[in-house]
Visitor: 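Pasting a structure below so you can have a look.
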Amino acid sequence: MSTPVQSVDDFLQVIRRSGLVEEARLMAVVEPWIGHAAAPPEPLLQALEDSGLLTRWQIDQLLKGRYKGFTLGKYRLLRLPRAGGMSSVYLGEHATLHSKAAVKVLPVKRVEQSSYLARFEREARQSARLNHPNIVRTFDLDTAGSIHFIAMEYVDGIDLHAKVKRDGPLPIREVAEYIRQAAIGLQHAHEEGLVHRDIKPANLILDTRGTVKILDLGLALAGGDEDGSLTREHDEKVLGTADYLAPEQATDSHKADRRSDVYSLGCTLYYLLVGKAPFASGKLSERLQSHLHKPPPNLLDQRPDVPIAIAELYFRMLQKHPDGRPQSAQDVADALGAWLASGGGQQAGPRGDGQRRSLPRRAVGGSDAARGAVVRSGPGSGSSGIFPALPAGSAGGSGSLSATPSPSSIGRAQSKPPARAATGSQVPLITIDTGPVAPRPGVARSTSSGGAPASTPADRRSRDMLGLPPTMWIAVGVGVVLAITLAVMLWLKQR
């Protein structure tokens, strides 16, 4: 068992035994403190860190008397940014190239447990197949004694779970861009035959240049007998993170396909915008049941500023049946890319709490999921929208999602129970707020009927008086003036 150091001399002996620093470089820094009887002072520790000889994490370990475990194979461990029960990820430096790498270590106690080692090694093999800017690359799989580790691309950044915890719910355009990039990376993995099965904010890391990269393929499912038998062999029926688990994956992880990743990405979209997962309440079993049976929570109740197009995409991604979702991650990426390119998020005005109107609800893949659906009315909801349509006749088919909505059409969708069960041509109704929206300078307001200037409250009051708009009143007034003028001229002429 390690013993904490008591003096500078003890500290220097521990550093020498670790082999982390060459003697000459060490002495050049610590010479002023040699012979210091008390515990190493903070100025000495700071000097070791400022000189680049040791990191603060290494110093903390050395002060505890620990001098082993600072190297794994060709890598020197610098710090421990991320630790968990399944694995620990260190920042490492290649001994000869001096390049940074993320070194993922499987805890020794996990080596003999169930399928951990087999899955760890498979993660390395599968990750090494992927070469994409939105996926963290894997360089090496190696062992050092009884320790198994993977060397991966080091990403200087923060995962999106930690970013939301630090900053709160994120701006809409940022979220759209992050999810778009994640979807592009997922599409590449899917094309290589891999289903991630653990997409969540903590597995999406944002680097300092704004690039999102997918982490952790430890639960990835690939085709073939090896992948089909691994979890069955160890009786692991449900794998993944409960808050982001697709319904079919919640019953049997072997049923997961690329559309299951789309569902998890939709849950991630909600988390980034709201600050919590869609079904984050209750015990584990209750959360799984919510994924299976409860409609997705209305995004617009939590973020009224979210454009209707983004809300519609979210509802489609969280359809209970896979056929009701976008059928590929590329569909999601294309939809968000087109929305961003169209200026989405830069033209949305504030949403008012004005009058509501009822619209027929389109079928959206199951009654539970349908209760949370958002419907857009008017010509803008046709097949020319930027969001790709679902296949005709699919469980979630509701036509295409529209392009960036006009301000007058943005509203908060709320479920309204039907007076009686829908049969035949009868369909349940859904209400949408269509309250007044503040005009934006230089941007014409339009109605859902084709782009004519939207009426103001004064227009509506005038129209209510005799059913005539203000322009008609002007025309009538001009006509009366002309008639009076003509009559006066004729009377003068006759005299």
Visitor: List the atom of V212, the atom of Q181, and the distance in Å for their closest heavy-atom pair.
Guide: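 Distance-wise, the nearest heavy atoms are N-OE1, 2.8 Å.
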Visitor: CD1 of I214 to CG of L204: how many Å apart, nearest 0.5 Å?
Guide: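 The CD1 atom of I214 sits 6.5 Å away from the CG atom of L204.
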Visitor: Are the side chains of L26 and L48 in contact, using a 4.5 Å heavy-atom criterion?
Guide: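 In short, these two side chains touch, coming nearer than 4.5 Å.
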Visitor: Would you give the length of the straight line joining atom CD1 of I179 to atom CG of L272, rounded to the nearest 0.5 angstrom?
Guide: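 If we round to the nearest 0.5 Å, I179:CD1 and L272:CG are 5.0 Å apart.
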Visitor: Tell me every residue that passes side chain to side chain donor-acceptor pair (under 3.5 Å) with R16, counting only those two or more places apart in sequence or in another chain.
Guide: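 Testing R16 for side chain to side chain donor-acceptor pair (under 3.5 Å), a comparison that skips the adjacent residues, returns E23.
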Visitor: Taking all atoms of both residues into account, what is the closest heavy-atom pair of I310 and L273, and its distance?
Guide: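 For I310 and L273, the tightest heavy-atom pair comes out as CG2-CD1, 4.5 Å.
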Visitor: Can you tell whether the side chains of R259 and D323 come within less than 4.0 Å, N to carboxylate O?
Guide: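 Yes.
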Visitor: Which residues satisfy the side-chain contact (heavy atoms from CB on, under 4.5 Å) test with E286, sequence neighbours excluded?
Guide: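 E286 satisfies side-chain contact (heavy atoms from CB on, under 4.5 Å) with K283 only.
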Visitor: Does Q61 reach the side chain of Q58, with side-chain heavy atoms less than 4.5 Å apart?
Guide: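 No; the side chains remain at least 4.5 Å from each other.
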Visitor: Within a strict 4.5 Å, meaning less than it, do heavy atoms of the P326 and L313 side chains meet?
Guide: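 Yes, their side chains come closer than 4.5 Å.
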Visitor: Any heavy-atom pair between the side chains of N298 and F315 that's under 4.5 Å?
Guide: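 Result yes, sub-4.5 Å side-chain heavy-atom pair found.
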Visitor: Is the count of non-hydrogen atoms from other residues, nucleotides or ligands lying under 6.0 Å from R209 atom CZ greater than 12?
Guide: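 Count not over threshold, so no.
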Visitor: To the nearest 0.5 Å, what is the distance between CG on N134 and CD on Q187?
Guide: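 CD of Q187 is found 12.0 Å from CG of N134.
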Visitor: Quick one: does H161's side chain get under 4.5 Å of Y271's, heavy atoms only?
Guide: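 Side chain of H161 against side chain of Y271, heavy atoms only: contact under 4.5 Å found.
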Visitor: Tell me, with the steps shown, if H132 and I184 meet side-chain contact (heavy atoms from CB on, under 4.5 Å).
Guide: CA-CA 9 Å; H132 192 276; I184 292 173; 3.5 Å; yes
Visitor: Output the distance between atom OH (Y154) and atom OG (S99), rounded to the nearest 0.5 Å.
Guide: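 Here the interatomic distance stands at 12.5 Å.
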Visitor: For E22, does the CD atom sit with more than 12 other heavy atoms under 6.0 Å from it, leaving out its own atoms?
Guide: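 It does not: E22 CD has 12 such atoms or fewer within range.
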Visitor: Keeping R76 on the side-chain end and L20 on the backbone end, is there a donor-acceptor pair under 3.5 Å?
Guide: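 Yes; at least one donor-acceptor contact below 3.5 Å.
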Visitor: Apply salt bridge (charged side-chain N to carboxylate O under 4.0 Å, His left out) to E191 and R129, showing your working.
Guide: CA-CA 11 Å; E191 289 173 353; R129 293 164 47 187; over 6 Å; no
Visitor: Could you check if a side-chain atom of K163 sits within less than 4.5 angstrom of a side-chain atom of Y178, using non-hydrogen atoms only?
Guide: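 Side chain of K163 against side chain of Y178, heavy atoms only: contact under 4.5 Å found.
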Visitor: How far apart are the closest heavy atoms of L78 and W57, and which atoms are they?
Guide: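 Scanning both residues completely, I find the closest heavy atoms to be O-CE3, 3.2 Å.
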Visitor: Distance check, rounded to the nearest 0.5 Å: L170 atom CG versus E177 atom CD?
Guide: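 These two atoms lie 13.0 Å from each other.
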Visitor: Here's a test for you: under side chain to side chain contact (heavy atoms under 4.5 Å, CB included), which of H196, E192, H188, K213 qualifies with I135?
Guide: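 Only one option passes, and that is H188.
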Visitor: P278 and D243: which non-hydrogen atoms are nearest, and at how many Å?
Guide: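 For P278 and D243, the tightest heavy-atom pair comes out as CD-O, 4.4 Å.
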Visitor: If every non-hydrogen atom of H291 is compared with every non-hydrogen atom of K320, which pair is closest and at what distance?
Guide: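 Closest approach of H291 to K320: O-NZ, 2.8 Å.
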Visitor: Could you tell me which residues satisfy side-chain contact (heavy atoms from CB on, under 4.5 Å) with Q302, sequence neighbours excluded, listed by chain and number?
Guide: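 Scan of Q302 (side-chain contact (heavy atoms from CB on, under 4.5 Å), adjacent residues dropped) gives Y270, V274.
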Visitor: Please answer whether the main-chain N or O of R325 pairs with a side-chain N or O of Q327 as donor and acceptor at a distance below 3.5 Å.
Guide: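 Answer holds: yes.
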Visitor: Under a 4.0 Å N-O cut-off, is there an ion pair linking R197 with E248?
Guide: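 Salt bridge flag = no for E248 with R197.
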Visitor: Just so I know, are the side chains of L80 and S88 near enough to count as touching, which here means a heavy-atom distance under 4.5 Å?
Guide: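 The answer is yes; the side chains approach within 4.5 Å.
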Visitor: Should the pair Y75 and F149 be assigned to parallel (<30°), tilted (30 to 60°) or perpendicular (>60°) ring geometry?
Guide: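 Judged by the thresholds at 30° and 60°, the geometry between Y75 and F149 is perpendicular.
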Visitor: For A246 and S264, which heavy atoms make the closest approach, and how far apart are they?
Guide: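 Where A246 meets S264 most closely, the heavy atoms are N-OG, 4.4 Å.
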Visitor: Take I15 and L54 through the side-chain contact (heavy atoms from CB on, under 4.5 Å) test and state the conclusion after the steps.
Guide: CA-CA 10 Å; I15 295 175; L54 295 170; 4.1 Å; yes
Visitor: Determine yes or no for a side-chain-to-main-chain donor-acceptor pair under 3.5 angstrom, with N203 supplying the side chain and D198 the backbone.
Guide: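 Flag set: sc N203 to bb D198 pair under 3.5 Å.
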Visitor: Does any non-hydrogen side-chain atom of L63 lie less than 4.5 Å from one of I59?
Guide: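 Yes. Closest side-chain heavy atoms under 4.5 Å.
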Visitor: Could you tell me the separation between the NZ atom of K74 and the CG atom of D140, rounded to the nearest 0.5 Å?
Guide: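 Interatomic distance, K74 NZ to D140 CG, rounded to 0.5 Å: 4.5 Å.
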Visitor: Run the salt-bridge test on K100 and D156 with the 4.0 Å N-O cut-off and return the result as yes or no.
Guide: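 No, K100 and D156 are not salt-bridged.
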Visitor: Run the side-chain contact (heavy atoms from CB on, under 4.5 Å) check on W339 and I172 step by step: do they pass?
Guide: CA-CA 11 Å; W339 181 79; I172 297 167; 3.8 Å; yes
